[in-house]
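The structure appears right after this line, and notes come after that.
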Number of protein chains: 2
Amino acid sequence: MAFIAPDNLPELLMRDISEKIIRNALKPGERILEAKIAEEMGVSRSPVREALRILEKNRLVELVPRKGARVTAITAQHIEWFYDIYEALYGLVARKAAEYADDDDLRQMAVALDRIEQAAEKGDVHEYYNGIFEFAGVGMRAARNPLLEQTLKELWPSNRRIQYASLQFRKDDLKQNVRFFQAMAKYAAEGNGPMAEKEIRKYAQNEKAFALRIANGKKMGKSD
Amino acid sequence: MAFIAPDNLPELLMRDISEKIIRNALKPGERILEAKIAEEMGVSRSPVREALRILEKNRLVELVPRKGARVTAITAQHIEWFYDIYEALYGLVARKAAEYADDDDLRQMAVALDRIEQAAEKGDVHEYYNGIFEFAGVGMRAARNPLLEQTLKELWPSNRRIQYASLQFRKDDLKQNVRFFQAMAKYAAEGNGPMAEKEIRKYAQNEKAFALRIANGKKMGKSD
DNA sequence: GAATTGCATATTGTCGACAATCGACAATCA
DNA sequence: TGATTGTCGATTGTCGACAATATGCAATTC
């Protein structure tokens, strides 16, 4: 099979399939056949199965015993569900991060913020997304709650999937969104938890509304 | 091995191991050997591996590639982390359930509440716990957010584990806690989201404090 | 013609075997 | 002595084969 040293086969496979789902190359409701993936990647079904378990944890596929794996649906409703949770959990992150962030955290936050600002300036949407995930990662670590971090990271793929769908519509308002991250960094530095949380909640609602406009404007994937 | 038709082997194995971890028969940090479980249960390692993946999703074990599975730690910090998330997510549940609950939901809630009240009356702690999980389940469904439901259910095993540890100290204050569930049912019926959320947050902080007292070895006021 | 049954095929579930890797301890060397 | 390397048993990773189950389609029945 491949030439790369397969450091961790299931993880590798997972990432590959993950990317396909996020990019909508594998459509919602579509069935994923173990044997097919295994052959494509030149491995046996065992690591593919493990990859599917991970994807299930990340909510990109649904596993039904004896029926196999299907790409999870993603509708306007899913987007609403997602952002309501997003708001609650990142609200907690914001509050705790403002409470616990040390100088090192703030420095990393500044780096991520810079990245976001520059990407927004250039209109580079991909880089912008990378930046906000970096920012989120720093914030999560600063919140000093690994369980929260894990829970949130399991939702990242869903987040990326939703964002990917609205990618081409995003360009216009990048600069506007940058202000949120600037505000977040500021509140973290000041240790102003309540305002940080409030700001996040507003942001989440904005993002939800944005994603919903897209989802309702153009039909996303279909099933069956 | 057994005579039962193994409808879903990984699930069965998962439940068995799950219970052992929750009851502390498998201790935090303890290694779980695939071959050992497989032999004990009279199955091959394949279904055991899948069970371990599920347990990882439920945060009862940690899976490190090429090192195997270990029972996750559970310390005072873990308890704090857990209840902070608990508060955020059940806060959302409470708010949404108060908004969306229909007559059927309220009826089921009343049934669960009754179960809780009777268990508290009898001092039956196990039944009390069953009751509150039933209550939580109804509330989650009433909140009309399957993603939230899934996320929360993946945290149930952690919840049970924490509660199990404080089992024998629980008896005294069951009746006091009952008032909380009565209040929740009331707010749900009234559609009073904000108060429901506020009540949940208070409850979560109480539970956190209680669990922490136990974890720190202090026997809640009364010496012993 | 619609629903039901029975089969052939496709797909998932489980197994046992072997390969790759890890951890601990012994042997070696500076 | 103390650090490094080598070796061996224990354990996880991957595989291919077979068993169990589901699915789609054609034949059958009413």
Side-chain angles (χ1 to χ4, degrees), chain A residues 1-18 20-21 25-73 222-224, chain B residues 1-18 20-21 26-73:
Chain A
M1 109 220 49
F3 314 96
I4 39 114
D7 197 12
N8 187 334
L9 219 25
E11 186 87 9
L12 247 41
L13 295 168
M14 180 277 267
R15 268 206 269 277
D16 187 86
I17 303 170
S18 197
K20 285 193 179 117
I21 294 174
L26 289 170
K27 306 252 185 308
E30 187 171 331
R31 202 163 165 200
I32 299 181
L33 302 184
E34 296 172 4
K36 183 158 161 281
I37 305 281
E39 198 191 5
E40 281 174 10
M41 312 298 275
V43 299
S44 84
R45 279 172 49 219
S46 307
V48 175
R49 263 165 159 271
E50 310 232 349
L52 290 174
R53 287 281 183 191
I54 303 175
L55 288 165
E56 184 195 31
K57 194 173 63 176
N58 290 343
R59 291 155 172 94
L60 293 184
V61 311
E62 250 167 339
L63 249 39
V64 180
R66 289 182 191 82
K67 297 218 175 169
R70 279 180 189 281
V71 177
T72 50
K222 37 96 207 258
S223 56
D224 269 35
Chain B
M1 73 159 168
F3 315 96
I4 40 113
D7 197 9
N8 187 336
L9 220 22
E11 186 86 9
L12 245 40
L13 296 168
M14 181 277 267
R15 268 206 268 276
D16 187 86
I17 303 171
S18 197
K20 285 192 179 119
I21 295 175
L26 290 170
K27 305 251 182 312
E30 188 170 334
R31 202 161 164 201
I32 299 181
L33 302 184
E34 296 172 3
K36 183 159 163 278
I37 305 283
E39 197 190 5
E40 280 175 11
M41 311 299 274
V43 299
S44 83
R45 281 171 49 218
S46 308
V48 175
R49 270 173 151 265
E50 311 233 345
L52 290 174
R53 286 280 182 193
I54 303 176
L55 288 166
E56 185 195 31
K57 195 173 63 177
N58 290 343
R59 292 156 171 89
L60 293 184
V61 311
E62 248 168 339
L63 249 39
V64 180
R66 289 183 191 84
K67 297 219 177 168
R70 279 182 188 283
V71 178
T72 51

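Sequence lines set the chain letters: A, B, ... in the order given, protein chains first and strands last, and positions in each chain run from 1. This is a predicted model, so every value here is computed, not measured.
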Check your understanding: Should B:Lys57 and A:Glu56 count as an ion pair when the cut-off is N to O under 4.0 Å?
Key -> yes
Practice item. Would you tell me if any nitrogen or oxygen in the side chain of B:Ser44 comes within less than 4.0 Å of OP1 or OP2 on C:dT14? Key: no
Practice item. Inspect the surroundings of NZ in B:Lys67 and state if more than 12 heavy atoms from other residues, nucleotides or ligands are less than 6.0 Å away. Key: no
Could you state the atom-to-atom distance from [atom1] of [X] to [atom2] of [N] in whole Å?
X       : N      : atom1 : atom2 : result
B:Leu9  : D:dT21 : CG    : C1'   : 15 Å
A:Leu52 : D:dT14 : CG    : P     : 14 Å
A:Arg70 : D:dT23 : CZ    : C1'   : 11 Å
B:Asn8  : D:dA22 : CG    : P     : 11 Å
B:Arg49 : D:dC15 : CZ    : P     : 12 Å
A:Met41 : D:dC15 : CE    : C1'   : 17 Å
A:Glu50 : D:dG13 : CD    : C1'   : 8 Å

Check your understanding: Per the atom types in the model, does the base of C:dG13 pair as donor or acceptor with the side chain of A:Arg45 at under 3.5 Å?
Key -> yes
Point to revise | Partners passing salt bridge (charged side-chain N to carboxylate O under 4.0 Å, His left out) against B:Arg70 (at least two apart in sequence or in another chain) | key: none
Contact between [X] and [Y] at the side-chain level, heavy atoms closer than 4.5 Å - yes or no?
X       : Y       : result
A:Pro10 : A:Asn8  : yes
A:Met41 : A:Leu9  : no
A:Ser44 : A:Arg49 : no

**Study point:** Contacting residues from residues 28-39 of chain B, given that a heavy atom lies under 4.0 angstrom of DNA chain D
**Key:** B:Arg31, B:Ile32, B:Leu33, B:Glu34
Exercise for review: Side chain of B:Arg66 only, please: which of C:dT21, D:dT14, C:dT14 is the nearest?
Suggested key: C:dT21
Exercise for review: Assign each of A:Pro47 and A:Lys67 to its nearest nucleotide of DNA chain D by heavy atoms, then name whichever residue's nucleotide is nearer the 5' end.
Suggested key: A:Pro47
**Study point:** CD-CG distance between B:Glu39 and B:Leu33, expressed to the nearest 0.5 angstrom
**Key:** 11.5 Å
